[in-house]
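In what follows, a structure is listed as structure tokens, so that the remarks can point back to it.
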Amino acid sequence: MIGLTLLILLLLLNGLPTLGGYYLRQTELAERIQLPDNVNLQGYVLSLPLNIYLKQTRQLNDIASAQFGFYDIKSINGYSPVGSKRLEKILPVNQSAHGIFTSKPALENILQNAKGFNVCQAVLMRISTIIVNKDDYAAFSHQFKQCGYSEVQSADSRSDLYVSLPFTLTKGWENNSPFVYPDIAGVRIVKHENNTDWVQIPEHKDNITLIFPRLWWYGYSAKIDDHLLSVTADSSGSLVQVSVPPDFNGVLRLSYFPITWRYLWFLPILAIIGLITLLFFNVKIKE
């Protein structure tokens, strides 16, 4: 038994350098970084350079994976994007443990019109800035322009560019405002929280489609007053889409609650009952 334990320990120690090198990013993070003024951060940042081997973070294009959260920057990048196969179809990953995307397939997917809408998938995802190297920008310059993106600044190091949408096109994106089709006046985000959005819907005569920059998963529900609305995945299968029928107006509430919790809520109660029962019998045995 001791020999088996020692063998397992040796195997773990032998694998640490490999596991550590792949799953851990040992990067020196500056306490603060200077953010470029003309780079649009109202929406999400999508960073495509392969920064996994950088040892120091000094500016925006050095950041990778979940490090964006350290600087309070909204980003598409992050560790293991919840294992969503639908999202990976749009943004194929190079190393899923760090959310490092393969740039060319990702650009091909997000810089094309979303099915059913005359707008690019990147706009639906509320990506306001894409960090990309110069070669990739040159290869997709036409697609960038068609989607409304333009080069606003080159990075101080390496060959990276900041490519952004105009600030006039991204008003409200800091609050995760949804894409609205058809575009009607009066639709505005009232409040945004981690699992809930409130959106003001004005009077209208046609069906309205709202696409929220939230990763689609089972468990989303939407309603106006007590009227439930249709909630599905968008055409890409990755974002949350809500349909509002004519004459439904007021405050729309979109919320998320894990669907499995509805069926497993009683398990903690059973565990507590089992623990109490076990303690009771232990006391009886000692007596």
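- Listed for the Asn38 side chain is a donor-acceptor partner under 3.5 Å among the backbone atoms of Val152.
- Using modelled atom types and a 3.5 Å distance limit, the side chains of His192 and Asp197 yield a donor-acceptor pair.
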Stepwise, does the side chain to side chain contact (heavy atoms under 4.5 Å, CB included) test hold for Ile73 with Leu60? CA-CA 10 Å; Ile73 298 172; Leu60 182 59; 3.8 Å; yes
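- Remark: the backbone N or O of Ile90 is paired with a side-chain donor or acceptor of Asn109 at under 3.5 angstrom.
- Here CG of Asp37 is found 7.0 Å from CD of Gln34. Values are rounded to the nearest 0.5 Å.
- For the pair Asp136 and Lys104, the minimum side-chain heavy-atom distance is below 4.5 Å.
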Mind running side chain to side chain contact (heavy atoms under 4.5 Å, CB included) on Leu46 and Ile110 for me, showing each step along the way? CA-CA 11 Å; Leu46 172 62; Ile110 66 174; 3.5 Å; yes
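- Considering only heavy atoms from C-beta on, Leu41 comes within 4.5 Å of Val39 through its side chain.
- Ser177 OG to Arg188 CZ: the interatomic distance, rounded to the nearest 0.5 Å, is 12.5 Å.
- Here the closest non-hydrogen pair linking Tyr137 and Val163 is CD1-CG2, 3.6 Å.
- No side-chain donor-acceptor contact under 3.5 Å links Ser103 to the backbone of Leu48.
- The line from NZ of Lys223 to CG of Leu228 is 7.0 Å long, rounded to the nearest 0.5 Å.
- Residue Ile33 is grouped with residue Tyr162 when hydrophobic side chains (ILVMFWY) are merged at heavy-atom distances under 4.5 angstrom, including chains of intermediate members.
- Atoms OG and CD1, on Ser75 and Ile131 in that order, are 9.0 Å from each other to the nearest 0.5 Å.
- Note that CG of Asn77 is 9.5 Å distant from CD1 of Ile63, once rounded to the nearest 0.5 Å.
- Both Ile189 and Leu229 are assigned to one and the same hydrophobic cluster, defined by single-linkage of ILVMFWY side chains at heavy-atom distances under 4.5 Å.
- Using a 4.5 Å heavy-atom threshold, the side chains of Phe144 and Glu151 count as separate.
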Going through the distances and angles, do Leu239 and Met125 end up as a side chain to side chain contact (heavy atoms under 4.5 Å, CB included)? CA-CA 8 Å; Leu239 301 177; Met125 298 175 75; 3.9 Å; yes
Could you check Asn40 against Thr170 for side-chain hydrogen bond (donor to acceptor under 3.5 Å, both in side chains), going step by step and ending with a plain yes or no? CA-CA 8 Å; Asn40 191 337; Thr170 60; 2.9 Å; yes
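- Counting heavy-atom neighbours within 6.0 Å of Tyr181 OH, excluding the residue itself, gives a total of 12 or less.
- Between the side chain of Asn61 and the backbone N or O of Asp160, no donor-acceptor pair lies under 3.5 Å.
- In this structure, Asp234 contributes its side chain and Ser238 its backbone to a donor-acceptor pair below 3.5 Å.
- Using bins of under 30°, 30° to 60° and over 60° for the plane-to-plane angle, the ring pair Tyr220/Trp216 lands in the parallel bin.
- By the criterion of side-chain heavy atoms lying less than 4.5 angstrom apart, applied directly or through intervening Ile, Leu, Val, Met, Phe, Trp or Tyr residues, Ile184 is grouped together with Leu254 in one hydrophobic cluster.
- Judged purely by atom type and a 3.5 angstrom limit, Asp225 has no side-chain atom pairing as donor or acceptor with the backbone of His227.
- Residues Pro36 and Gln153 have side chains in contact (heavy-atom distance under 4.5 Å, counting atoms from C-beta outward).
- By the 4.5 Å heavy-atom criterion applied to side chains, Thr209 and Val180 are not counted as neighbours.
- Transitive grouping of hydrophobic side chains (ILVMFWY, heavy atoms separated by less than 4.5 Å) keeps Ile208 and Val251 in distinct clusters.
- The two residues Pro166 and Gly148 come nearest to each other via the heavy atoms CD-O, 3.5 Å.
- Between Phe68 and Ser47, the closest heavy-atom pair is CZ-CB, 3.7 Å.
- Counting heavy atoms from C-beta outward, Phe140 and Glu108 have side chains that approach closer than 4.5 Å.
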I'd like to know whether Lys145 forms a side chain to side chain contact (heavy atoms under 4.5 Å, CB included) with Gln143, so could you lay out the CA-CA distance, the side-chain angles of the two residues, the decisive distance to 0.1 Å, and finally the verdict. CA-CA 5 Å; Lys145 185 177 180 180; Gln143 290 93 323; over 6 Å; no
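- Contact of the Val240 side chain with the Trp217 side chain is not registered, since no non-hydrogen atoms from C-beta on lie closer than 4.5 Å.
- Between Phe167 and Gln42, the shortest heavy-atom contact is O-OE1, 3.6 Å.
- Scanning both residues, Thr196 and Ser255, for their nearest heavy atoms gives OG1-CB, 4.0 Å.
- Remark: Lys74 NZ is packed, more than 12 non-hydrogen atoms of other residues, nucleotides or ligands lying under 6.0 Å away.
- Residue pairs meeting the side chain to side chain donor-acceptor pair (under 3.5 Å) criterion with at least one member in residues 110-132, sequence neighbours excluded, are Asn113-Asn118, Gln121-Ser236, Thr129-Ser164.
- Residues Val93 and Ile127 share a single hydrophobic cluster, defined by chaining ILVMFWY side chains whose heavy atoms lie under 4.5 Å apart.
- By the 4.5 Å heavy-atom criterion applied to side chains, Ile76 and Val45 are not counted as neighbours.
- In this structure, a donor-acceptor pair under 3.5 Å is absent between the side chains of Ser159 and Asn133.
- Within the model, atoms CG of Leu165 and SG of Cys120 stand 9.0 Å from one another, a figure rounded to the nearest 0.5 Å.
- When only modelled atom types and interatomic distance are considered, Tyr44 and Asn176 share a side-chain donor-acceptor pair under 3.5 Å.
- Residues Leu252 and Ile201 come closest through the heavy atom pair CB-CG1, 3.9 Å.
- Here the two rings, on Phe179 and Phe212, have centers that are 6.0 Å apart or farther.
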